[in-house]
Amino acid sequence: MMPLDRRALIAAMGAALVAAGAPAERNSPPTSLVRPPRLRPGDTVGLIEPAGFTDDAFDLDLVNDTIAAMGLTPKPARHLVERHGYLAGRDADRAADVNAMYADPDVRAVFAVRGGWGCARILPFLDFRAIRAHPKLLIGFSDITALHLAFAAQAGFTTIHGPNASASWPAFSWDAFRAIAFDGATPTLVNPVGKEDRLVQRIGRIRTFRHGKASGRLLGGNLTVLAALMGTPWLPDFTGAILFIEDTNEAPYRIDRMLTQLALGGVLGKLAGLVFGQCTGCTADGPSYGGFTLSEVLQQHLEPLGIPAFQGAQFGHVASQFSLPVGVRAEIDAEAGTIRLLEPAVA
């Protein structure tokens, strides 16, 4: 993710989008979950950049080869190689690419090439009535969280919080994605066992804040993006949900601030359970003795909720990560540190 203040940018979006002619009318939210069709070898999948841009042709070649290695056929969006400042084209054009991919009968799923910043800017331009009529998997993470949450609120079908198309896709990530998107499996997601040369392993460890099991609808993604969407119509109902969140390069006080925002906004009090994934680079700039650690911040916010909650699940800004289907029902075991899918993500 780019080191930008998303909250300040989103706060200024309303007037700017109205001035730009963004559609003001929103569609009614869905009432039940729809499962998109599963992926099959040979399927055509769309490539979009709804946020940041990729300016290296070699990187885009790698993306195309990665999709081909999955047994799929990549179809680049019309504006895929465009650039507008730090964005991959103007807001209306990036949104048009999303709309076009969901209207295209040849496209079976849509991969985000990368994150960055910008997905929230295109939400008012999306045609959710048309998107809802053509359910297809959306795959990506980081800033793509804005689309996952908006789709959960307005489109009503499953999306997958997983590696972007430009990720390295190690075996762990590929196997996890294939099981859910191709096979329609309902696995129990558990961190891989560390293979360090030490008496007690550190890799893959979890920390439990409240023991117990909880089930509910999986919702979440990047904490910064989620917090920035508070107070907007692009958030789904979190009542009884299992919230999963992650972040990168955020100091503990900023994690504290965003969790406080979710608490004051009523989100945390509605949850059945919570899983905090990886938070890469989330350390204080100065000496830690003058403040709280990340774990201390999480403990202060999560223990009082009285719901099963744990930290350390294998998703976030890391190479090897779970694919988490947004919208499906799942059960977490906070002591074991597992996420068990209770229903398939695809039809």
Side-chain angles (χ1 to χ4, degrees), residues 1-10 51-52 86 114-117 140-146 161-164 166-168 170 172-173 189 191-210 220-230 243-264 267-268 274-305 309-322 324 334 337 339:
M1 295 173 59
M2 300 174 66
L4 299 169
D5 188 345
R6 293 177 177 82
R7 290 169 292 280
L9 285 166
I10 288 181
Y86 43 72
R114 56 157 296 178
W117 153 253
F141 85 111
S142 192
D143 196 64
I144 312 306
T145 294
H161 179 279
N164 295 319
S166 60
S168 57
F172 180 90
S173 296
L189 306 176
N191 283 4
V193 177
K195 297 180 180 179
E196 303 162 280
D197 183 16
R198 59 173 68 238
L199 187 61
V200 177
Q201 298 293 304
R202 293 187 180 183
I203 295 177
R205 292 180 68 88
I206 66 161
R207 183 183 183 197
T208 301
F209 297 103
R210 281 279 185 174
N222 181 263
L223 174 59
T224 298
V225 177
L226 169 57
L229 289 179
M230 290 291 293
L243 177 65
F244 66 92
I245 46 178
E246 59 80 31
D247 223 313
T248 183
N249 295 326
E250 296 285 2
Y253 82 89
R254 292 198 293 268
I255 299 295
D256 186 359
R257 182 174 63 198
M258 290 183 283
L259 289 174
T260 298
Q261 185 176 7
L262 266 59
L264 295 177
V267 169
L268 296 186
L274 189 147
V275 182
F276 195 94
Q278 302 297 306
C279 204
T280 54
C282 294
T283 56
D285 295 333
S288 60
Y289 59 77
F292 298 117
T293 65
L294 175 63
S295 289
E296 288 172 330
V297 167
L298 294 178
Q299 183 176 16
Q300 293 166 8
H301 283 277
L302 304 187
E303 281 192 355
L305 296 178
F310 69 95
Q311 171 193 6
Q314 194 69 19
F315 63 87
H317 286 69
V318 290
S320 296
Q321 62 171 297
F322 299 141
L324 296 171
I339 305 171

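This chain uses plain numbering: 1 for the first residue, then up along the sequence.
At distances below 3.5 Å, at least one donor-acceptor pair connects side-chain atoms of Ser173 with backbone N or O atoms of Gln321. Remark: the backbone N or O of Asn249 is paired with a side-chain donor or acceptor of Arg254 at under 3.5 angstrom. Distance alone, capped at 3.5 Å, is enough to place a donor-acceptor pair between the Asp247 side chain and the Thr224 backbone. For the pair Gln311 (side chain) and Ser295 (backbone), a donor-acceptor distance under 3.5 Å is absent. Between the side chain of Gln201 and the backbone N or O of Lys195 there is at least one donor-acceptor pair closer than 3.5 Å. Looking at Thr248, its side chain does come within 3.5 Å of a backbone N or O of Thr280 through a donor-acceptor pair.
Looking at Leu189 and Leu324, their side chains come closer than 4.5 Å, going by heavy atoms from C-beta outward. The shortest distance between side-chain heavy atoms of Ile245 and Leu259 falls below 4.5 Å.
Inspection of the Asp256 and His301 side chains reveals an N or O donor paired with an N or O acceptor under 3.5 Å.
A distance of 13.0 Å separates CG in Leu274 from CZ in Arg210, rounded to the nearest 0.5 Å. Atom CZ of Phe209 is separated from atom CZ of Phe276 by 8.5 Å, given to the nearest 0.5 angstrom. Rounded to the nearest 0.5 angstrom, Ile255 CD1 and Glu296 CD are separated by 14.5 Å.
Every residue meeting the side-chain contact (heavy atoms from CB on, under 4.5 Å) condition with Gln278, not counting sequence neighbours, appears here in chain and number order: Gln314, Val318.
Ring-plane geometry between His161 and Phe244 is classed as perpendicular, the angle between the planes exceeding 60 degrees on a 0 to 90 degree scale with a lower cut at 30.
Under the 6.0 Å cut-off for aromatic ring centres, Phe292 and Tyr253 do not qualify, their centroids lying 6.0 Å or more apart.
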